[in-house]
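In what follows, a structure is listed as structure tokens, so that the remarks can point back to it.
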Amino acid sequence: MADEVLFDYLHMEMIHEFFNENYKKEGKSEESMTTLELLGFRVGQCVIERLTKDSPRFKDELDAMKFTCKDFWMSVYKKQIDNLRTNHQGVYVLQDNKFRLLTNLSSGKQYVEAAPRFLAFPCGLIRGALSNLGITSVVTAEVAIMPACKFQIQIQRV
């Protein structure tokens with residue numbers, strides 16, 4: 001319980017620090033989003049490394065995605081992803097109907113425009129985790145009604 005609260009407060013403080021008034025005045029909003037995403041990328045790499053140190057390699061990317069939705073998400077957010085969809089052509093959609101980092105904001109459409117700044121770090125977490133599993137990807141997030149969000153993962157084929 002205490003670690004969940006600490007993670008939530010740490011995340012809120014990162015958002016506050018990167019999006020304070022000085023950054024708004026200087027037009028560094030995009031730079032702030034990139035920095036948060038890169039922080040998430042590095043944290044995601046570390047977390048997935050710790051989680052997979054004693055497990056065998058995954059046989060395909062679908063198994064890696066299932067692991068990410070179950071074990072990785074449980075480790076970070078204390079719940080599993082609500083829905084995983086794929087078109088079997090390199091696009092995965094992860095849906096979380098009560099995303100913990102958005103539940104503190106609102107449960108309506110009032111703060112939807114502020115949601116992307118709260119999702120940059122989680123997008124980086126997913127991208128970093130997949131990167132350490134050998135999957136190069138682009139991760140984007142979408143919020144229609146809070147606190148539900150969808151993470152779209154586009155696998156980059158070499």
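Every value quoted in this text rests on a predicted model; they were computed, and no experiment measured them.
- Classification of Asp96 and Lys79 as a salt-bridged pair holds, one side-chain N sitting under 4.0 Å from a carboxylate O.
- In Lys70, the NZ atom is not crowded: 12 or fewer heavy atoms of neighbouring residues, nucleotides or ligands sit closer than 6.0 Å.
- Residues Val112 and Ala144 approach most closely at CG2-O, 3.9 Å, considering heavy atoms.
- By the 6.0 Å contact criterion, CZ on Arg57 is open, its count of non-hydrogen atoms from other residues, nucleotides or ligands being 12 or less.
- For the atom pair SG of Cys69 and CG of Asp82, the computed distance is 10.0 Å after rounding to the nearest 0.5 Å.
- Side-chain atoms of Ser137 never come within 3.5 Å of backbone atoms of Val139 as a donor-acceptor pair (strictly under, hydrogens ignored).
- Taking the side chain as every heavy atom from C-beta outward, Leu36 and Ile15 approach each other to under 4.5 Å.
- Inter-residue side-chain proximity for Val76 and Val47 is flagged as met; some heavy-atom pair is nearer than 4.5 Å.
- The hydrophobic cluster containing Val43 does not contain Leu38, counting ILVMFWY residues as joined when their side-chain heavy atoms lie under 4.5 angstrom apart, directly or transitively.
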For Phe118 and Leu102, run side chain to side chain contact (heavy atoms under 4.5 Å, CB included): C-alpha distance rounded to whole Å, both residues' side-chain angles, the deciding distance at 0.1 Å, then the answer. CA-CA 7 Å; Phe118 288 87; Leu102 295 179; 3.9 Å; yes

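- For the 3.5 Å distance criterion, the side chains of Asn97 and Gln95 qualify, holding a donor opposite an acceptor.
- Hydrophobic clustering of Ile, Leu, Val, Met, Phe, Trp and Tyr side chains at less than 4.5 Å, counting indirect connections, unites Leu62 with Phe151.
- Nearest approach of Met33 to Arg117, heavy atoms of both residues: SD-CA, 3.6 Å.
- Ser32 contributes atom OG, which lies 9.5 Å from atom CD of Glu17 (distance to the nearest 0.5 angstrom).
- Taking the ring centroids of Tyr77 and Phe99, they lie under the 6.0 Å cut-off.
- Leu119 and Ala141 get closest at one heavy-atom pair: CD1-CB, 3.6 Å.
- When every heavy atom of Ala148 is checked against every heavy atom of Val143, the shortest pair comes out as O-CG1, 3.6 Å.
- Annotation: side chain of Thr52 is not in contact with side chain of Phe72 (no heavy-atom distance under 4.5 Å).
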Determine, stepwise, if the pair Met65 / Asp63 fulfils side chain to side chain contact (heavy atoms under 4.5 Å, CB included). CA-CA 5 Å; Met65 293 302 298; Asp63 282 346; over 6 Å; no

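- Residues Leu94 and Lys150 fail the side-chain proximity criterion, which asks for heavy atoms closer than 4.5 Å.
- In this structure, the separation between CD1 on Ile135 and CZ on Arg157 is 9.0 Å, given to the nearest 0.5 Å.
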Listed pairs under 3.5 Å, donor-acceptor, residues 121-133 side chains, sequence neighbours left out:
residue : atom : partner : partner atom : Å
Arg127  : NE   : Glu37   : OE2          : 2.7
Arg127  : NH2  : Glu37   : OE1          : 3.1
Arg127  : NH2  : Glu37   : OE2          : 3.4
Asn132  : ND2  : Gln45   : O            : 3.0

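- Each salt bridge (Lys or Arg N to Asp or Glu O under 4.0 Å) pair with one or both residues in residues 134-148, not counting sequence neighbours, would appear here, but there are none.
- Gln154 and Tyr92 are not linked by any side-chain donor-acceptor pair at a separation below 3.5 angstrom, with hydrogens and angles left out of the test.
- A heavy-atom distance below 4.5 Å is found between the side chains of Gln152 and Val91.
- Between the side chain of Ser75 and the backbone N or O of Asp71 there is no donor-acceptor pair closer than 3.5 Å.
- Listed by first and then second residue, the ring-ring contact (aromatic ring centres under 6.0 Å, His included) pairs that reach into residues 29-65 are Phe58-Phe67, sequence neighbours excluded.
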